[in-house]
Amino acid sequence: MKGLLIALAIAVLPGALAAQEVSRGDGVVFFESKIRPLLSGNCFKCHGAKKQKAGLRLDSRARILKGGESGPAIAPGAPDKSLMIEAVTYKNSDLEMPPKKKLGKRQVEDLTRWIAMGAPWPEGEGPAIAGDSQEKKQFEITAEDRAYWAFQPLRERSEARFDEIIDAVMAQKGLAPNPPASRTTLIRRAYFDLIGLPPTYEEAQAFVADPDPEAFGKLVDRLLARPEYGERWGRHWLDVVRFAQSNGYERDDEKPNAWRYRDYVIASFNEDKPYDRFVLEQIAGDELPDGGDAGWIATGFHRLGVWDDEPDDKRAAEFDGQDDILKTTTETFLGLTVGCARCHDHMFDPISQRNYYELIAFFRNVRPYAHPRDKTKGHIIRGTGGGEALVVTEQGADPIDTHVLIRGNAGRPAEKVEPKFPGIFGAGNPKVTPTEHSAGRRLALAKWIARKDNPLTARVMVNRIWQFHTGRGIVATPNDFGQAGHPPSNVALLDWLAAEFVEKGWSVKHLHRVIMHSRAWQRSSAPNAANEARDPGNLHHWRANLRRLESEGIRDAILKCAGVLNPERGGRGFFPALAGEVVAGASKPGRNWQWSPEDQQRRRSVYAFVKRTMLYPFFEIFDYANTEGSLGARPTTTVAPQALLLLNGELVAENATRLAERARKDSDPVAAAFRLVLSRDPTTEERALAASYLAAQEVQQRALAGQFAFNPDYPPALFKDYHRNLPAGRFLRGPKDGWQYSKGRWTGGYEEILNVDPLNPPFALLESPRNASAASGKLRMSEVTKHATLHLKARPAGDRLDGYEFLIDVGAGEIAIRRKEGDKMKVLARQDAMVAGSSLLPFAAGINEGRLYFDVAGVHLEAEAGEAPEGEQFGVATFGGPLIFDGLALTTPEAAGAVVVHPPDPDFASRRAFEEFCGMLFNLNEFVYID
Amino acid sequence: MSLHPAQIDAQSRRKFLKVFGTSMAGLSLSGIFDGSRVFAAPASALLNPLAPKPQHFPAKAKACIYLYLYGGPSQMDLFDYKPELQKRSGKEIQMEIRRRDLRKSVLQGSKREFKQHGKSGLWCSDAFPNIAGHMDKLSVIKSLYMDSFAHGSANLQMNCGRVRQGHPALGSWIAHGLGSTNADLPGFVVMLDPRGGPIPGAANWASGYMPAAYQGTVLRALGNPILNLKPNANITHTMQGDKVSAINAFNELHRRGRESYSQLSARIATYDLAYQLHTSAPEALDISGEDEKTKDLYGLRLPKGDHNLSIPPAHFGRQCLIARRLVERGVRFVQLYSGGGHQQQNWDAHNGVEENLRIHCPEIDQPIAGLLEDLERRGLLEETLVVWGGEFGRQPVSQGNKGGRDHNPKGFTYWLAGAGVKAGTSYGETDELGHEAVVNRHHVRDLHATILHLMGLDHEHLTYHYGGLDQRLTGVIPARAIDGVLG
């Protein structure tokens, strides 16, 4: 182990430092933090890459040791024998360095100490300035690079419209186009494509019956004019720009006002903002002379990325942030993956490492890491309502220098670069005009991207639009038009669309019309074996693709069909209700999550709050966007958790009930449900299936008529604020009418985290009847229920229940009668008993002539009742899993017989059967796929 | 043997299906998705993301159990014995406590007693009296380092290979590389500490830019084990079966004329799998059939420690036992978290390392010893890789006035046991104070390469195309498996 530690005992230094030690690794740290900045700030100007006065160069350890005309500059381990120390201490009047200004006392000490440590320098590092990038093979743009299709100008358009371009390829490949889809199919396709919601039955019928030859065109125009259009297409864009409303990492704090950017995007689509303007605003809206509020808000684009508020290495984190902006910008607008060139020249595309840093230079002044809590960084907008927006902030008009970083290492800057467009585009140099608050560089970049003759911008955007209309882009890798991406399936088609787009003023809505009026888009999705053999992926558009709805489409359609979709637009958004197990995964479970009122929870999915470390499972399970980077196309998975979600999830269950209520108002509820969910009538065959299912369900439901359940839904640990905001009825979920709920007892508070007290879990109290002397009926738990309690003569005492408690402890194998009062709990009777949690058990618990009794699972317990507690209510609690009652009845002094709690209504079985049927409809392939 | 409830239900369902005249196709849990490279594959060539895939080369390990000590356990109090530190305890030293931030600090020796154990003579402190009995099974790597002094980015790097958020977890890579051999259970399972999840939550088992099918499935100890696994209490198992059958019947009608769209039949199959999960997942988690000796082996009846933040060993013990049951049933990757929430609720011993060890060591000592013994006696240790460690280690200097230790990514300890591991080995060294890895230093990417290697995967060839690059767990900086710990 010798030599691993270097003891310092330096006579020339003050005593405080003398006895201290530094390990070898920490020596490098010392070098990086003290010595490198010292050398580069004071010495390199004369003894660096450009000048080597007196033959001395100080930018690598080897060169320092080699020294200059006067010999080696240092003697490692011996500061007193080192020329450098002699020079900086001005001891020799012939050798005073730096000549103009003597180093500070602390700096001299640092240098002395560094030499005494043996002059540690990072391993494997040659010169500290310039170097490797020059030593390796020269980056070169080849003729082949220049000939690559994506860098070519758009092709001249021939007379052919794009259907003819498609037809020509099909003919060549021997593919027969599918016939046009039926109007029933077309209207559903058009609705989901443009507004992301299903048509109503009436709308579908009217369209099918419409004799107007222009009916389809009018339909498209109507849909494009609806505000839901922007919500649908805005969401597509949000995927591409890695939109989220929190920073990620440990605290995952909210990005204040990020929602204004989301609303800006939605509004931009709705007003059919020319795409070139849309580009300018997002990259440099603040630098536009006529940018206005929208221009400022649009620059939120730069602030949407993940941000580590506690980075290990602040210097590296700064470049991570700029890398995030550059990658998002180039992938989004140019379909170029330049991120790979951060550390070395791009492996596939003609983008050099130098090009990367020249592009970084456009964003070098941007402060992606302005602290989001720092309110002064927000921009006050003047529009109606005012308020703040999350906007780009720059470090003033003077640009910070940008250097190539050797291997992407922020600590190893090499040559300085200026903002420049990558050479492959031959676009010349940017003209930069600084603004009052910024270097003005972003606007130069934005203008170049938004130029009509930029070969990528229009192609990339029309490809995205085509993709969202058909399920696949002409270039299947929408963010990568480079060599590593997919080649276009039909360049002529892509270029035709791009030229049309630019020619018609970059109008996205115009492009929708062009695409949707095409024969290609209107074809049926039916299979054709011969075509499938030749073109299994439908690359040549001989049919429309069957597509599964995205997560948002499924959720929004469920709410719409149930008749409860809340159309409220804009604003911060809502927090979807999360199951307890989802919250449990956070280190502070529920921190920065909130409880939104129920009507808010029924808003469109695009308004759901996007928190990076807690994505709403419904979205995630159905392939919601990865929010960490630009995402051009979501994968479409088909997995069992999706089936579980639609079979058992809360959203479906609640809305199935609402749908059932709507449909049962109709004289033909089955047909009504079909119309509401699928916008069509059921077939005879489907009616027979439905009748058979409903009949079987009804028989089974009859057996459950007297049942109701209490189900706990919380993680064992909860963050304080979330615990406070969550309504009590979310902790223990049971019948709403007639019951009061309490969160039960939560203890701890370490780091503001509360833990549930298993002895006093969340409970429910029945409002009436009061003063029950006995409870009876049957009860059932589940295999995960740990213990359940019934309470008589109960009353809430803060977060606990006072009174008699009848306990069934499945986990411990015990049945007991207890009495609770404040902190005190007295066991009045108990017996070991193995209870099968999941079977239905008859029970009776009560007070009879001064004695308590509890009969359950073959056990009979009795105890002295003692003085009656003051409470009057009947209560229940359960821990670990549900508690289900069947025919619960209470005996009271007032009533002659027992009073049944929630007596079954005569309609129960048929109502519940129909609710299940409605829930089933939300699971159908026809509901989640569009033809 | 009597019929399992699932079989009875299957029979009644078949009857129901007969009425509707439907048929079912068997497929794996995670089903099907269109194209690993974003629609790149033709629609007819659908891929099953968790279909079993061959190893890159033969390797013994079929599964991995990763015991994750969230917060960063203190190496110099557990396995990395440093006599020099003991000798110099109380002396001042300059030490890097945060990146490029040298602070004047005071060395703090361990209060634990160290002994050599077994034939191998590997060191283990008295903090783990039971694990100490299994040192001959372990390969202890004492010379790891990684890139972050902060929990958020450190957990991400340990789990996902990068300090930046947005990359797939190790378990996701293994699921992507090997698929799952059990159609009824997830391929990558995570079990959490009841005190909360780790910083920064679900990002630690996320699939990043890969499809969500590869992300870790959290199995809960309390309540429903899997999200949405069970219907509401007002639906019986039979009713659920009927519902699935009815859905399938309607879907079959819908499929007419659309037969060549295999995603439709794939989706039909996921309903059968969802239904099977109702029984297969609880069965895997149900430890009531384990004998009493086994339960004691995992410490299920041991009392809780005397600290108010500690929890009974039964929590981690039950999870270790379930991990064994999952591995037996073909799950590839099981990650168990010891410690949750913040500070002393996990291994993050800023506020007193002795107190921290007193809280947490008894929670996992017997369960881990039991797991190793149980795996061995069942012959499972030969095909199961066990990994032990946290996101980083701790400093040899004291912090605060309660004898705490701060984060230390520059040198820390992991141990491996089981399939393909060179048992009874101590590999690598920190400096004589335990601060920085100096002999046979290995970055975390080498540990990842090693784990993949032991699972039969070559980290250079396990790739996923995203952002213009064939991404790898180990990133672009060269990595290599640690030969010294391979058996």
Tell me, for B:Arg98 versus chain A, whether the close heavy atoms (under 4.5 Å) come from the side chain, the backbone, both or neither.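 For B:Arg98, no heavy atom lies under 4.5 Å from chain A.
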Check each atom of B:Tyr70 against the heavy atoms of chain A and say whether the ones under 4.5 Å are side chain, backbone, both or neither.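 For B:Tyr70, side-chain heavy atoms alone lie under 4.5 Å from chain A.
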Shortest non-hydrogen separation from B:Thr238 to A:Gln700 and the atoms involved: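 Taking every non-hydrogen atom into account, CB-OE1, 3.7 Å.
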Heavy-atom pair of closest approach, residues A:Asp480 and B:His465: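 Nearest heavy atoms, A:Asp480 then B:His465: OD2-NE2, 4.3 Å.
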[X] side, atom [atom1]; [Y] side, atom [atom2] - distance, nearest 0.5 Å:
| X | Y | atom1 | atom2 | result |
| --- | --- | --- | --- | --- |
| B:Ser288 | A:Glu783 | OG | CD | 10.5 Å |
| A:Asp308 | B:Ser148 | CG | OG | 7.0 Å |
| B:Phe149 | A:Glu310 | CZ | CD | 12.0 Å |
| A:Ile621 | B:Asn228 | CD1 | CG | 6.0 Å |

Between A:Asp312 (side chain) and B:Ala150 (backbone), is there a donor-acceptor pair under 3.5 Å?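 No; judged by distance alone, with no hydrogens or angles, the pair does not exist.
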With B:His167, which residues qualify under side chain to side chain donor-acceptor pair (under 3.5 Å), at least two apart?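 For B:His167 there are no side chain to side chain donor-acceptor pair (under 3.5 Å) partners, ignoring immediate neighbours.
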I'd like to check the side chain to side chain donor-acceptor pair (under 3.5 Å) partners of A:Glu628; sequence neighbours left out, ordered by chain and number.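 Scan of A:Glu628 (side chain to side chain donor-acceptor pair (under 3.5 Å), adjacent residues dropped) gives B:Gln165.
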Only one of A:Glu926, A:Glu685, A:Glu686 passes salt bridge (charged side-chain N to carboxylate O under 4.0 Å, His left out) with B:Arg256; say which it is.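 In the set A:Glu926, A:Glu685, A:Glu686, the residue that makes a salt bridge (charged side-chain N to carboxylate O under 4.0 Å, His left out) with B:Arg256 is A:Glu685.
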B:Arg164 versus A:Tyr249: any side-chain heavy-atom pair under 4.5 Å?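 Yes - at least one pair of side-chain heavy atoms lies under 4.5 Å apart.
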Is the closest side-chain donor-acceptor distance between B:Asn308 and A:Tyr750 under 3.5 Å?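 The answer is no; no qualifying pair exists.
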